[in-house]
Protein chains: 4
Amino acid sequence: MNTRSAALVADTGRRNEAVILNAALEAFGRKGFNGASMRDVAKLAGTSLSNLYNYFPSKSRLLAEVLRHANEELQARVRRAVADAGDDASSRMREAVRAYVGFVVDHQVAMLVSTNEVRYLDPDDRAALVAERDSTQGTFEEIVAQGVASGEFRTPYAADAARAILSGIGAIASWYRPDGRLSRGQLAEQQARYALALLEARLPH
Amino acid sequence: MNTRSAALVADTGRRNEAVILNAALEAFGRKGFNGASMRDVAKLAGTSLSNLYNYFPSKSRLLAEVLRHANEELQARVRRAVADAGDDASSRMREAVRAYVGFVVDHQVAMLVSTNEVRYLDPDDRAALVAERDSTQGTFEEIVAQGVASGEFRTPYAADAARAILSGIGAIASWYRPDGRLSRGQLAEQQARYALALLEARLPH
Amino acid sequence: MNTRSAALVADTGRRNEAVILNAALEAFGRKGFNGASMRDVAKLAGTSLSNLYNYFPSKSRLLAEVLRHANEELQARVRRAVADAGDDASSRMREAVRAYVGFVVDHQVAMLVSTNEVRYLDPDDRAALVAERDSTQGTFEEIVAQGVASGEFRTPYAADAARAILSGIGAIASWYRPDGRLSRGQLAEQQARYALALLEARLPH
Amino acid sequence: MNTRSAALVADTGRRNEAVILNAALEAFGRKGFNGASMRDVAKLAGTSLSNLYNYFPSKSRLLAEVLRHANEELQARVRRAVADAGDDASSRMREAVRAYVGFVVDHQVAMLVSTNEVRYLDPDDRAALVAERDSTQGTFEEIVAQGVASGEFRTPYAADAARAILSGIGAIASWYRPDGRLSRGQLAEQQARYALALLEARLPH
DNA sequence: TATGAATGAGTGTTCATTCAT
DNA sequence: TATGAATGAACACTCATTCAT
């Protein structure tokens with residue numbers, strides 16, 4: 001149905017749960033959290049309105065679960081990439097950025113919903129998600145700190161650099177088209193270069 | 001009421017119109033376009049629900065006007081800044097970024113609403129606004145092109161650099177607090193540096 | 001604007017009053033009393049909404065005036081026709097029918113509004129109008145009575161014949177098209193024949 | 001509640017649907033389509049406003065269903081009557097008229113709503129209903145044609161006679177009172193006589 | 001687990017009418 | 001006489017949620 005994104009939530013065990021989560025992601029992506037109705041979600045999930053409530057106690061909690069899954073996947077990708085990268089900050093930053101970009105491209109809608117609809121979460125759910133996100137951003141901040149310490153990165157504004165980098169990458173979700181000028185790989189390469197340049201890393205010439 | 005932003009729409013001549021536009025901006029900022037009701041707007045504007053419709057024919061058109069005013073102000077600031085800047089691409093980029101950051105900080109809510117709620121515009125209004133926004137981005141793209149041509153900027157990814165820069169600056173609206181670590185001026189300076197670094201400009205050491 | 005009907009209310013003295021009455025007739029004709037708004041009327045009259053209330057104190061009274069004018073014209077036509085007709089019941093009935101048909105064709109919309117929207121009048125206005133209408137129907141009933149007395153009409157159901165005849169003629173308003181199969185004159189002739197036949201008059205062969 | 005009409009829609013199977021349809025008929029009958037609100041209908045049906053929409057997707061479709069049921073019943077009565085009548089045109093016309101009158105008397109409100117509110121239907125629904133009505137009128141037109149061909153009816157205006165007859169009968173709905181001068185049967189007999197007379201049938205003396 | 005019926009609060013919008021000018 | 005701004009009530013319709021089955 002949506003050719004730009006693979007299903008975000010895998011179909012393990014409780015089958016309908018995954019179906020509903022993916023339907024909700026799609027609905028929220030199309031119309032926003034407040035613009036999409038539970039009926040929309042039910043229709044996309046191919047089930048009845050009332051059956052939704054057998055899986056999620058409220059619309060808000062449904063959104064929370066959608067965002068939790070999205071963030072989980074993003075975090076996993078980034079952590080794996082960093083773990084598999086070399087030891088120097090530049091390599092690690094490059095791989096972290098590539099992974100982040102990969103997620104944004106693979107799950108464009110999830111990224112959009114993630115950034116635009118967090119605010120509609122109930123306070124507790126929002127706090128939990130923000131904490132998770134901060135932790136992902138923390139991974140980038142650590143790499144920045146490492147690079148500054150090692151002299152690889154010379155930016156005088158290290159404290160905010162990770163956020164600046166992630167803002168730019170996150171925004172990709174709002175304009176990237178898979179059939180556009182840049183391939184998935186080229187985009188990742190480009191963003192990595194932007195990131196390292198922003199950090200004033202010693203770039204290869 | 002909102003301490004983070006001065007009124008976006010000036011109160012010249014048609015008074016209630018400005019009052020309503022500012023109320024709408026605030027309401028949409030607090031709850032999003034779909035989350036805010038016309039009743040919310042009326043309450044904030046201190047008028048009756050039905051009277052809103054003497055000024056704007058629909059909620060959607062009200063949003064369109066809010067966004068048009070916001071973009072107008074942003075565009076004016078950037079153009080003025082570029083016109084007043086030096087001749088070299090680096091100076092012009094620096095001033096353009098400063099102006100853009102200034103707008104985001106002065107009209108944080110307007111910036112947030114602008115990026116998050118455009119999608120709810122009617123197609124025609126959306127197209128018109130996107131065109132205006134592209135024109136603002138075009139100003140940045142021209143500076144990039146100038147810098148690349150003159151050798152000031154050495155990024156191999158010039159085509160997408162303006163967008164990357166503006167994404168990062170726009171995102172400021174979602175986290176900046178006037179009482180935070182950075183002053184308005186420091187933030188502007190920082191963002192200018194990020195921008196020039198991303199462009200791989202020859203930086204002063 | 002409406003090619004099927006001449007203006008019902010003549011433009012004597014208080015000019016805008018006639019303009020408004022004709023506009024109201026058109027509006028009520030197009031959308032019904034409850035479907036047409038005072039704004040609709042104002043637009044058609046080429047004046048402002050609030051100005052309507054300088055002429056008529058309420059929507060309901062506006063309708064009452066429209067219907068009063070329509071009925072006045074209808075009544076005048078019928079009375080004039082009967083007065084100008086011969087002495088025998090058949091001739092008088094024939095002319096009365098012709099006149100009635102003439103009104104329906106000349107003021108189709110007025111006839112439609114008259115029959116469909118009376119019910120929305122305030123009780124007093126409705127009573128007054130119904131009385132006027134009964135008086136017009138009374139004219140026909142007298143002719144029937146005369147014809148029965150003289151032996152011209154042989155129907156055993158004289159008491160309800162006038163109403164039956166007028167129902168049929170009134171309904172013409174809902175289907176007649178000036179460019180249809182029958183001319184104005186042919187239609188009148190046809191209806192006169194139907195009426196006399198229904199009354200079981202001795203018809204010419 | 002309404003002593004003048006039996007319930008039009010029978011309560012078979014889908015109970016609430018019939019309840020709502022009858023409530024809608026009553027509401028539209030009392031105040032007209034535009035004058036009656038969905039809240040009125042809900043109140044009469046003894047259910048909630050929003051529940052109405054579980055049965056009918058819009059006020060307009062609700063009206064369409066009401067009118068469809070009414071026309072179905074009318075059509076069925078007329079067809080049955082004609083089928084059960086003798087072979088000559090006069091008998092068939094007499095029975096057809098009797099059946100039509102019977103419907104008007106039994107379902108006075110339905111007849112009124114049917115004639116006054118069709119115009120508020122959506123174009124497609126209106127077209128469908130008009131087609132059904134034309135088919136009923138067609139039944140009468142065929143009888144007229146038969147009678148003219150056989151020499152039973154001598155009217156020179158055969159083409160419009162069926163419509164003239166049905167207009168008169170339909171109008172009964174707007175004045176008949178069950179406790180009035182005429183009984184149901186007398187009224188039917190009277191109308192049959194009017195019809196045959198109008199057709200210039202050879203009447204029994 | 002799944003459904004369709006039900007509900008009360010809320011949506012954007014329009015209404016007839018009034019008022020200040 | 002004429003206007004534009006204003007209002008409170010009402011409109012058709014949709015909402016998230018619940019309940020009986």
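All values derive from a computational prediction rather than experimental measurement. Order of the sequence lines sets the chain letters (A, B, ...), proteins ahead of strands, with each chain counted from 1.
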D:R39 has its side chain closest, among F:dA6, F:dT1, F:dC13, to F:dC13
**Prompt:** OP1, OP2 of E:dT11 versus side-chain N and O of A:N34: anything below 4.0 Å?
**Reply:** no
Taking C:R61 for its side chain and C:F56 for its backbone only, find out whether a donor-acceptor pair lies under 3.5 Å. no
B:Y53 atom OH is separated from E:dT13 atom C1', nearest whole Å, by 5 Å
Q) Does the side chain of D:L62 reach to within under 4.5 Å of the side chain of D:M38, using non-hydrogen atoms? A) yes
| said: Please check this pair: side chain of C:K31 against backbone of C:S37, looking for a donor-acceptor N/O pair closer than 3.5 Å. | reply: no
Against the side chain of C:Y55, the closest entry in E:dT1, E:dA5, F:dA2 is F:dA2
Whole-Å distance, D:N51 CG to F:dC15 P, equals 16 Å
Checking N1-N3 plus N6-O4 or O6-N4 for Watson-Crick, or N1-O2 and O6-N3 for wobble, each under 3.5 Å, the partner of E:dA5 is F:dT18
Under 4.0 Å: is that the gap between some side-chain N or O of C:T47 and OP1 or OP2 of F:dT3?
yes
What one should report as the nearest heavy-atom pair of A:V66 and A:A24 is CG2-CB, 3.9 Å
Rounded to whole Å, CZ of D:F33 lies from C1' of F:dC11 at a distance of 12 Å
_Taking any heavy-atom pair under 4.0 Å as a contact, classify D:A36: base, sugar-phosphate, or nothing._
sugar-phosphate
Per atom distances to the D:L49 side chain, the nearest of E:dT13, F:dA2, F:dC13 is F:dC13
Nearest-nucleotide check on DNA chain F, D:P57 vs B:L52; residue mapping nearer the 5' end is B:L52
Against the side chain of A:S50, the closest entry in F:dC19, F:dG8, F:dT1 is F:dC19
5'-most contact on DNA chain E (nearest-nucleotide basis), B:S37 vs C:S37, goes to B:S37
To the nearest angstrom, the CE-P distance between A:M38 and E:dT3 comes to 14 Å
Rounded to whole Å, NZ of C:K59 lies from P of E:dT17 at a distance of 8 Å
When rounded to whole Å, the CD1 to P distance for the pair A:I20 and E:dT1 reads 10 Å
note: A:N54, atom CG; F:dA20, atom C1'; distance rounded to Å ~ 13 Å
(message) Taking atom types as they are modelled, would you say the side chain of D:S48 forms a donor-acceptor pair with the base of E:dG8 within the 3.5 Å cutoff?
(response) no
_Lys/Arg N to Asp/Glu carboxylate O, A:E117 vs B:R119, below 4.0 Å_ = yes
Rounded to whole Å, the CZ-C1' distance (B:R61 to E:dT13) equals 16 Å
